[in-house]
Amino acid sequence: MQDRLEKIVSLSKRRGFIFPSSEIYGGLAAVYDYGPLGVELKRNVQQRWWEAMVYEHENIVGLDAAILMHPMVWKASGHVDAFNDPLIDDRQSKRRYRADQLIEDYIEKLRAKGETQRAEALHQRLIAALNADDMPRALYQIIMDERIPSPDSGAFDWTEVRQFNLMFVTHVGPVASEETKVYLRPETAQGIFVNFHNVKDSSRLQIPFGIAQIGKAFRNEIVARQFIFRMREFEQMEMQYFVRPGTQMEAFEAWKEKRLQWHIENGIRPDHLRFHVHEKLAHYADAAVDIQYRFPMGWQEVEGIHSRTDYDLRRHQEFSGKKMEYFDPQTQERYIPYVVETSAGLDRTILMLLCEAYDEEEVEGETRVVLRLHPRLAPIKVAVLPLVRKDGMPERAQALARELRPFLNTFYDEKGAIGRRYRRMDEVGTPFCVTIDSQTLEDGTVTVRDRDTMQQVRIHETQVLAYIKERLQQWKPVHA
RNA sequence: GCGGGAGUAGCUCAGUGGUAGAGCAUCAGCCUUCCAAGCUGAGGGUCGCGGGUUCGAGUCCCGUCUCCCGCUCCA
């Protein structure tokens with residue numbers, strides 16, 4: 001199975017889907033670039049999502065908020081605290097702990113043993129340490145002074161306490177100081193929350209309504225791995241749905257099903273998808289479920305559906321002093337709306353689609369590699385190929401390609417044997433290959449080859465566009 | 001961040017101290033009338049990067065970066 005992921009990584013590089021960032025300088029960990037075909041696939045996925053969310057719902061509108069935001073946003077959201085963990089490693093067991101957690105557990109142990117006084121003193125010291133300027137150093141000193149052993153190995157062989165800040169920091173203005181510090185957003189959601197009134201008022205929306213957004217987010221992950229699954233710079237497709245308090249579970253259930261269905265419509269087998277219920281809820285949520293996909297490396301999250309309560313809007317109301325309430329003209333009620341969020345990882349969706357689409361099959365003793373992507377998502381929609389490079393076939397083929405280009409991403413190729421050209425197109429998921437042969441020169445008919453079945457039909461060249469458009473609409477995945 | 005493994009042509013890899021290679025891919029030409037055919041030729045590598053040992057390093061040593069696996073973390 002791991003083998004499969006490697007093949008996909010290799011294909012991505014070879015055919016121009018995904019490259020490691022800054023590769024000529026040795027790469028930058030967990031950052032990737034989309035190549036010529038990758039960017040087509042990515043744009044098609046974004047387009048599908050936007051259509052499904054914004055165009056197909058009269059009460060959902062779009063937004064494109066800035067990556068840089070006022071630093072108070074992240075204090076209000078809880079990211080400044082939650083994304084700052086003091087961590088320490090046990091050199092013996094190779095396990096990592098949160099230093100403050102380690103001390104707290106130790107205090108609990110003292111209490112259990114009846115050493116109340118010592119526990120209380122230590123507790124005071126812990127609080128002081130957490131508020132110290134050099135918090136990691138202060139925590140480290142406690143662990144050293146108390147000789148707190150590792151809970152697993154019992155060893156006393158610690159590394160230094162290190163601060164892991166998952167938010168990227170940069171500075172506004174030419175001088176870098178504490179006052180000019182801003183963050184690259186670690187999630188896109190806050191851009192929607194802070195614009196709640198702007199969007200509602202300018203769009204004359206009434207609850208329930210949603211705001212959708214596609215954009216980059218940044219997390220300085222400690223461990224980032226598995227190709228584009230966990231990246232430091234990644235893209236989210238998310239929608240925040242604002243509802244009347246008390247109706248959130250209804251919306252939550254509805255969006256769960258809608259979002260699962262979206263992935264299935266994109267060609268993902270239903271048995272490769274599942275819901276994974278969060279057992280431990282985040283501080284802001286009253287319900288949370290992940291849509292997981294069976295990746296080669298195991299079941300992993302692709303999209304989260306979270307019932308975020310009124311946490312975010314309430315916090316922004318507290319921190320900004322601005323009212324985040326909604327006045328319901330029907331019921332004459334005033335309340336802070338509850339929020340149901342659907343948040344999909346765009347890059348993870350791409351990886352899922354590649355994993356799902358990648359297929360190898362034996363054809364007359366040769367291995368055929370084919371990306372069975374949904375035609376609507378395929379980077380190239382149609383290839384136009386002269387059977388041989390003579391008798392005016394190339395000219396005829398180029399004329400057809402020119403006609404198709406304004407409507408479909410069209411690829412023209414006349415080099416080498418026809419079989420090789422077909423297989424190249426299979427490998428990048430091109431659903432249709434139109435071939436100009438000697439019969440075309442006589443009666444104007446061409447063959448259209450289907451990527452999945454390798455079957456050909458013969459139609460008139462003037463009908464190619466209509467035929468392909470119809471097939472794009474009707475396409476059903478092999479498993480359906 | 002810790003431990004283990006790896007990094008040589010676009011891809012997959014061989015090369016165990018003595019002139020950098022193969023297959024596939026790419027490009028050009030020839031040939032080719034439907035599924036990676038053939039022939040001829042070409043381009044492409046300071047062997048991840050930096051230092052050291054040596055007369056001589058892809059090969060040995062140190063450092064560093066990146067990737068993979070495990071641990072850890074994960075809104």
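Everything numeric here is computed off the predicted structure, so don't read it as measured data. In the text below, chain A, chain B and the rest are named by the order of the sequence lines, each starting its count at 1.
- Across all strands, A:Asp426 comes closer than 4.0 Å to no nucleic acid atom at all (heavy-atom distances).
- Separating the CD atom of A:Glu362 from the C1' atom of B:A36 is a distance of 13 Å, rounded to the nearest angstrom.
- Of the candidate nucleotides B:C11, B:G29, B:C34, B:G29 has the atom nearest to the side chain of A:Arg389.
- Nearest-nucleotide positions on RNA chain B for A:Val388 and A:Ala417 put A:Val388 closer to the 5' end.
- One finds a salt bridge joining A:Glu427 and A:Arg14 here, because a Lys/Arg side-chain nitrogen approaches an Asp/Glu carboxylate oxygen to under 4.0 Å.
- Comparing the P positions of B:C31 and B:G18 gives an interatomic distance of 47 Å, to the nearest angstrom.
- A:Ser10 comes within 4.0 angstrom of sugar-phosphate atoms only, judged by non-hydrogen atoms across all strands, and of no base.
- As rounded to whole Å, 13 Å separates atom C1' of B:A36 from atom CE of A:Met425.
- Of the options A:Glu235, A:Gln236, A:Met352, a side chain to side chain contact (heavy atoms under 4.5 Å, CB included) to A:Asp347 is made by A:Glu235 and by none of the others.
- Distance A:Phe19 CZ to B:U66 C1': 17 Å, rounded to the nearest Å.
- Heavy atoms of A:Thr367 sit under 4.0 angstrom from at least one base atom.
- Mapping A:Arg308 and A:Tyr422 onto RNA chain B via the closest heavy atom, the residue that lands nearer the 5' end is A:Tyr422.
- Across A:Leu404, A:Leu465, A:Leu472, A:Val448, a single residue satisfies side chain to side chain contact (heavy atoms under 4.5 Å, CB included) together with A:Val382, and that is A:Leu404.
- When the C1' atom is used for both B:C39 and B:U32, the distance is 12 Å, rounded to whole Å.
- Using a 4.0 Å heavy-atom distance criterion, A:Gln456 is classed as a base contact.
- When rounded to the nearest whole Å, the span between CD of A:Gln300 and P of B:C73 equals 15 Å.
- Between the A:Thr440 side chain and the A:Thr445 main chain, a donor and an acceptor come within less than 3.5 Å of each other.
- Comparing the C1' positions of B:U19 and B:G10 gives an interatomic distance of 26 Å, to the nearest angstrom.
- Using a cutoff of 4.0 Å between basic side-chain nitrogens and carboxylate oxygens, A:Arg396 and A:Glu461 are scored as salt-bridged.
- At a threshold of 4.0 angstrom between heavy atoms, the contacts of A:Ile418 are confined to the sugar-phosphate backbone, with no base atom among them.
- Spacing of P atoms, B:C24 relative to B:G63, comes out at 41 Å, to the nearest Å.
- The P atoms of B:C2 and B:G15 are separated by 31 Å, rounded to the nearest whole Å.
- The distance from the CZ atom of A:Arg348 to the CD1 atom of A:Ile291 is 13.0 Å, given to the nearest 0.5 Å.
- With both pairing distances under 3.5 Å, B:G63 is matched to B:C49 as a Watson-Crick or G-U wobble pair.
- A gap of 36 Å separates the P atoms of B:A22 and B:G4, to the nearest Å.
- Figure legend. B:C27 is base-paired to B:G41; pairs are counted as Watson-Crick or G-U wobble with both atom distances under 3.5 Å.
- What separates CG of A:Leu5 from C1' of B:C68 is a distance of 10 Å, to the nearest Å.
- Summarising the base pairing, B:G1 is matched to B:C71 through a Watson-Crick or G-U wobble pair whose two defining distances lie under 3.5 Å.
- Across the strands present, B:G56 finds no partner; the criterion is a Watson-Crick or G-U wobble pair with both atom distances under 3.5 angstrom.
- Of the side-chain N and O atoms in A:Lys415, one or more sit less than 4.0 angstrom from OP1 or OP2 of B:A28.
- Comparing the C1' positions of B:C61 and B:G23 gives an interatomic distance of 34 Å, to the nearest angstrom.
- Among the nucleotides B:A36, B:C34, B:U32, the one closest to any side-chain atom of A:Asp437 is B:C34.
- The nearest whole Å value for the distance from the CD atom in A:Glu427 to the P atom in B:G10 is 17 Å.
- Counting to the nearest Å, the P atom of B:C68 and the CD1 atom of A:Ile8 are 14 Å from each other.
- Between B:A25 and A:Arg420, a contact under 4.0 Å exists linking OP1 or OP2 to a side-chain N or O.
- Atom CZ of A:Arg230 is separated from atom C1' of B:C74 by 5 Å (rounded to the nearest Å).
- Remark: B:G21 base-pairs with B:C13; criterion is Watson-Crick or G-U wobble with both hydrogen-bond distances under 3.5 Å.
- Of the charged side-chain nitrogens involved, at least one lies within less than 4.0 Å of a carboxylate oxygen, so that A:Asp359 and A:Arg372 count as a salt-bridged pair.
- Comparing atom distances between the A:Lys390 side chain and each of B:U32, B:C67, B:A36 picks out B:U32 as nearest.
- The nucleotide whose nearest atom lies closest to any side-chain atom of A:Arg14 is, among B:C11, B:C34, B:C35, B:C11.
- Using a cut-off of 4.0 Å between Lys/Arg side-chain N and Asp/Glu carboxylate O, A:Arg451 and A:Asp426 are scored as not salt-bridged.
- Between the P atoms of B:C68 and B:C55, the separation comes to 41 Å (whole Å).
- The base of B:C35 has none of its N or O atoms less than 3.5 Å from a complementary donor or acceptor on the side chain of A:Arg368.
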